[in-house]
Chemist: 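Structure incoming, see below.
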2 protein chains.
Amino acid sequence: MVQNKNKESNSVTSHDVARVANVSQALVSRAFSGKGRISPETRARILKVAEDIGWHPNALARSVVTGDAPLVAVVTARLNFDWRAQVLSHLLKSIQAWHLKPLLFYAENDDDVDRLLGETMEWRTRGVIVMAGDIRARRAEAIISGGQFLATLNRPANHPDAFSVATDNQQGGAMAASLLVDEGRRKFLVLSGPQNNWASALRTQGFVEAIRSRGESVIIWHNEAMTMEAGKECAAAFHGLRHHERPDAVFATDDALALGFMDGVRGQTGIPADLSLLGFDNLAASSWLPYQLTTFEQPLSEMVGRMVHYINLHQNRPQDAFCSTSPHRIGEDGVVYCLPKIIQRSTTKPTP
Amino acid sequence: MVQNKNKESNSVTSHDVARVANVSQALVSRAFSGKGRISPETRARILKVAEDIGWHPNALARSVVTGDAPLVAVVTARLNFDWRAQVLSHLLKSIQAWHLKPLLFYAENDDDVDRLLGETMEWRTRGVIVMAGDIRARRAEAIISGGQFLATLNRPANHPDAFSVATDNQQGGAMAASLLVDEGRRKFLVLSGPQNNWASALRTQGFVEAIRSRGESVIIWHNEAMTMEAGKECAAAFHGLRHHERPDAVFATDDALALGFMDGVRGQTGIPADLSLLGFDNLAASSWLPYQLTTFEQPLSEMVGRMVHYINLHQNRPQDAFCSTSPHRIGEDGVVYCLPKIIQRSTTKPTP
DNA sequence: CTGAAAGCGCTTACAG
DNA sequence: CTGAAAGCGCTTACAG
């Protein structure tokens with residue numbers, strides 16, 4: 001029936017192009033799709049006309065017709081922190097290379113994520129990539145059973161047919177423990193994040209278990225936020241301890257805590273003279289002159305590479321087998337855990 | 001004619017919902033849109049059925065029908081550097097609040113941008129936000145004349161009906177000059193970026209003009225990249241100068257250069273004893289203990305706020321008038337230039 | 001309150 | 001090589 005033409009945009013359609021080019025509408029479709037026979041001359045004419053009147057094929061209509069939108073949903077959260085901006089860069093690059101368009105869903109907080117995943121469904125995307133919050137099993141099932149792929153970064157997908165990659169935080173924690181024990185350290189402290197922070201909790205757990213398995217004991221300081229400020233407060237608390245009580249080995253579950261701790265003890269406690277310090281994440285600043293922090297690098301390219309490989313597989317795209325010499329393991333939860341890499345700098349003693 | 005049903009996804013439609021709910025397809029549409037009469041009972045029944053069989057309205061089809069897709073295109077580039085991730089966070093949050101979906105276009109390099117703007121057109125978005133590369137006047141015209149809005153951040157839009165906000169880099173440079181001159185400094189050096197970097201070039205220009213207008217002279221060192229490393233190399237070059245040739249006032253056109261310079265001179269040249277140093281951008285690290293860099297903060301929230309206000313206006317959304325006490329000026333190019341804010345820390349002498 | 005039907009802007013067999 | 005027409009999955013007056 002009578003449709004309100006959008007008043008603002010005098011919406012040009014392929015019919016308009018067809019009219020001025022003196023061809024059928026079907027032909028302008030063929031001129032742009034490259035599918036179906038069309039003589040080079042008419043094609044050129046049509047392209048010219050379209051250019052002149054400023055028409056571009058309507059991707060929305062095309063997607064409805066073909067039943068396939070070249071879209072992928074990306075669920076993310078605050079970019080001003082941590083690894084997300086970095087990973088997002090990698091990911092957007094790959095998505096672009098596939099000629100897909102990323103539709104972003106930005107979560108204010110982790111509880112938002114399930115709602116966003118719901119909105120995701122309306123856009124009939126090829127799949128969804130999740131790098132924030134938790135995925136409920138029901139939601140995962142809805143996505144997968146709709147034929148979409150589901151890929152998650154640094155969190156479990158809670159579905160057997162989804163794909164999850166994560167840093168092996170637990171193993172990283174264990175590696176940190178080994179390193180500090182091998183240095184001859186005896187009194188261990190972990191500067192940890194909130195208990196419900198997946199990464200931080202696993203790093204802590206891996207560290208603590210490894211230390212305890214050697215018969216040593218550890219103290220854990222949980223922080224509400226994993227920030228420089230929190231790290232500094234830990235330093236103040238550290239100086240509040242009597243000398244003989246002070247740990248000589250500190251594992252911070254992320255670099256921000258570690259760097260803040262360093263600034264907090266600067267000039268009062270020598271590192272690594274009085275204590276060894278290990279961080280996690282390898283922030284850019286960790287390599288800078290005043291810090292030179294020994295830390296773990298998350299294998300981000302490796303993880304993104306694996307995810308990209310999985311998605312290509314799902315899209316039936318021809319590709320080489322994924323080969324990587326980087327160590328990894330498959331968890332009971334189906335997550336591919338990639339080993340973080342230790343970056344030895346000056347806050348631990350040089351290994352002989 | 002016969003359509004190939006997508007083999008993978010046994011695409012559920014509103015007809016399927018209608019069938020099992022025993023109503024017409026039109027009614028399921030009404031159940032979800034909230035427009036048109038429908039009894040609460042049938043509505044509830046339909047919603048239940050949809051939930052059961054996992055149907056969500058198809059946003060693509062809806063957009064085709066209504067001639068209006070709740071989409072906005074965002075053109076950006078590498079997020080692992082500078083202010084972009086931060087601004088993107090702000091922006092995504094606002095876009096989400098409007099119930100619009102951001103479609104991301106990621107530019108590998110600035111030359112990509114025009115091509116991406118072209119792709120943008122296919123999605124019939126409400127408008128496009130550009131925070132990377134240059135906008136050609138023809139392209140801007142195509143976007144605007146199609147009824148879309150065009151908003152650009154930290155670059156001119158090259159169209160009278162577009163909206164551009166930017167940091168007032170030139171004025172920032174001039175402020176830097178004033179501050180150093182008022183300190184009594186006499187020998188000026190600017191650590192600048194590539195000549196074709198818009199922000200860096202304007203910061204440099206503002207600084208140099210202000211210094212020259214006072215009858216003093218300046219030397220400029222251009223760097224290919226605005227990185228810590230480049231800053232360190234500048235420090236080495238600085239130490240290569242004879243003592244009496246050494247500048248006593250350094251303006252780096254971004255914080256990375258400044259921080260690298262600080263690390264390069266650390267322990268050899270006192271700051272601010274031997275020289276004053278000013279950066280630009282106020283990176284998180286600039287406030288950290290080993291740096292305490294005096295620098296300029298870009299008024300990012302202010303800029304995003306103005307952009308959001310403009311976009312709301314374009315969308316005919318009711319809102320309060322934009323009021324801000326922050327100083328700004330409208331350039332001849334139509335760009336709204338917002339004054340950066342100086343953050344005094346310890347690399348300049350305290351003002352009396 | 002509900003349904004039948006026209007229409008959105010495209011793509012794609014099919015017939016010429 | 002080209003066009004007429006059916007169809008994609010919806011929304012929306014219109015008639016009941």
Chemist: Is any side-chain N or O of B:W55 closer than 4.0 Å to OP1 or OP2 of D:dC10?
Modeler: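 Yes, such a contact exists.
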Chemist: Can you check the A:M121 CE to D:dG9 P distance for me, whole Å?
Modeler: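 Taking atom P of D:dG9 as the reference, CE of A:M121 is at 16 Å.
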Chemist: Give the rounded distance in Å between these two atoms: CZ of A:R37 and P of C:dA13.
Modeler: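 My rounded result for the distance is 13 Å.
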Chemist: If you assign each of B:L27 and B:V64 to its closest nucleotide in DNA chain C, which residue comes earlier from the 5' end?
Modeler: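 Nearest nucleotide further toward 5': that of B:L27.
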Chemist: Quick one: the side chain of B:R124 and the base of C:dG9, do they pair up donor-acceptor inside 3.5 Å?
Modeler: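 Side chain to base: no pair below 3.5 Å.
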Chemist: Which part of the nucleic acid, if any, lies within reach of B:T42 when heavy atoms closer than 4.0 Å are counted: base, sugar-phosphate only, or nothing?
Modeler: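 Contact class for B:T42: sugar-phosphate only.
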Chemist: Nearest to the A:I38 side chain among D:dT2, D:dT11, D:dC10, which nucleotide is it?
Modeler: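 Nearest listed nucleotide: D:dT2.
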Chemist: What integer distance in Å separates A:L60:CG from D:dC10:P?
Modeler: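 Distance, rounded to whole Å: 14 Å.
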Chemist: Report the nucleotide, chosen from D:dG9, D:dC1, C:dC10, that has the shortest atom-to-atom distance to any side-chain atom of B:A61.
Modeler: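 The listed nucleotide nearest to B:A61's side chain is D:dG9.
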Chemist: A:E41 CD to D:dT2 C1': how many Å, rounded?
Modeler: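 Spelled out: CD on A:E41 to C1' on D:dT2 is 14 Å.
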Chemist: Return the nearest nucleotide to the side chain of B:A26; candidates are C:dG9, C:dG3, C:dT11.
Modeler: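 Out of C:dG9, C:dG3, C:dT11, the nucleotide with an atom closest to B:A26's side chain is C:dG3.
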Chemist: Relative to each other, are the rings of B:F149 and B:H314 parallel, tilted or perpendicular (30° and 60° limits)?
Modeler: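 Judged by the thresholds at 30° and 60°, the geometry between B:F149 and B:H314 is perpendicular.
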Chemist: Looking only at the side chain of B:Q25 (C-beta and beyond, no hydrogens), which of the listed nucleotides C:dT11, C:dG3, D:dT11 gets closest?
Modeler: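 So the nucleotide nearest the side chain must be D:dT11.
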Chemist: Starting the side chain at C-beta, find the nucleotide from D:dT2, C:dG3, C:dG7 nearest to A:S39.
Modeler: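 Nearest to the side chain of A:S39 among the choices is D:dT2.
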Chemist: Can you tell me how far the OG1 atom of A:T120 sits from the NZ atom of B:K101, to the nearest 0.5 Å?
Modeler: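 Separation between the atoms: 8.0 Å.
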Chemist: Does a nitrogen or oxygen in the side chain of A:S63 sit under 4.0 Å from OP1 or OP2 of D:dC8?
Modeler: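 Negative; the distance criterion is not met.
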Chemist: Between P on D:dC10 and NZ on B:K35, what's the gap in Å once rounded to a whole number?
Modeler: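 Between P of D:dC10 and NZ of B:K35: 17 Å.
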Chemist: Would you call B:K48 and B:E41 a salt bridge, using N to O less than 4.0 angstrom?
Modeler: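 No, this pair does not count.
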Chemist: Does D:dG9 have OP1 or OP2 sitting under 4.0 Å from an N or O in the side chain of B:T13?
Modeler: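 No, outside the criterion.
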Chemist: Could you tell me which nucleotide pairs with C:dC14 by Watson-Crick or G-U wobble geometry, both distances under 3.5 Å, or answer none if nothing does?
Modeler: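 Per the H-bond distance test, D:dG3.
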Chemist: What is the distance from CG of B:D16 to C1' of D:dC10, rounded to the nearest Å?
Modeler: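 So the two atoms are 13 Å apart, to the nearest Å.
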Chemist: CD of B:E122 versus C1' of C:dG9: gap in Å, rounded?
Modeler: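 Spelled out: CD on B:E122 to C1' on C:dG9 is 14 Å.
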Chemist: Phosphate oxygens OP1/OP2 of C:dC10: is one of them under 4.0 Å from a side-chain N or O of A:S14?
Modeler: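 Yes, such a contact exists.
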Chemist: To check you understand the geometry: which heavy-atom pair defines the closest contact between A:A166 and A:N154, and what is its length?
Modeler: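 Scanning both residues completely, I find the closest heavy atoms to be CA-OD1, 3.2 Å.
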Chemist: So if I take every side-chain heavy atom of A:R62 and compare against D:dG9, C:dC10, D:dA13, which nucleotide ends up nearest?
Modeler: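 Of the candidates, C:dC10 comes closest.
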Chemist: Please state how far atom CD1 in A:I53 lies from atom C1' in C:dG9, giving the value in whole angstrom units.
Modeler: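 The distance from CD1 of A:I53 to C1' of C:dG9 comes to 14 Å, rounded to the nearest Å.
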Chemist: Please determine, for the side chain of A:T66, which listed nucleotide (C:dT12, C:dC1, D:dT12) has the closest atom?
Modeler: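 Nearest to the side-chain atoms of A:T66, counting from C-beta on, is C:dT12.
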Chemist: Going by the side-chain hydrogen bond (donor to acceptor under 3.5 Å, both in side chains) test, which pairs reach into residues 20-32 of chain B, not counting sequence neighbours?
Modeler: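 Checked against side-chain hydrogen bond (donor to acceptor under 3.5 Å, both in side chains) - neighbours excluded - the pairs reaching residues 20-32 of chain B are B:S14-B:Q25.
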Chemist: Name the residue closer to the 5' end of DNA chain C, choosing between B:R30 and A:H15 according to the nucleotide with the nearest heavy atom.
Modeler: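 Residue closer to the 5' terminus by nearest nucleotide: B:R30.
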Chemist: Look at the rings of B:W55 and B:F32 and say which category their plane angle falls in: under 30° parallel, 30 to 60° tilted, over 60° perpendicular.
Modeler: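 The rings of B:W55 and B:F32 stand perpendicular, inter-plane angle above 60°.
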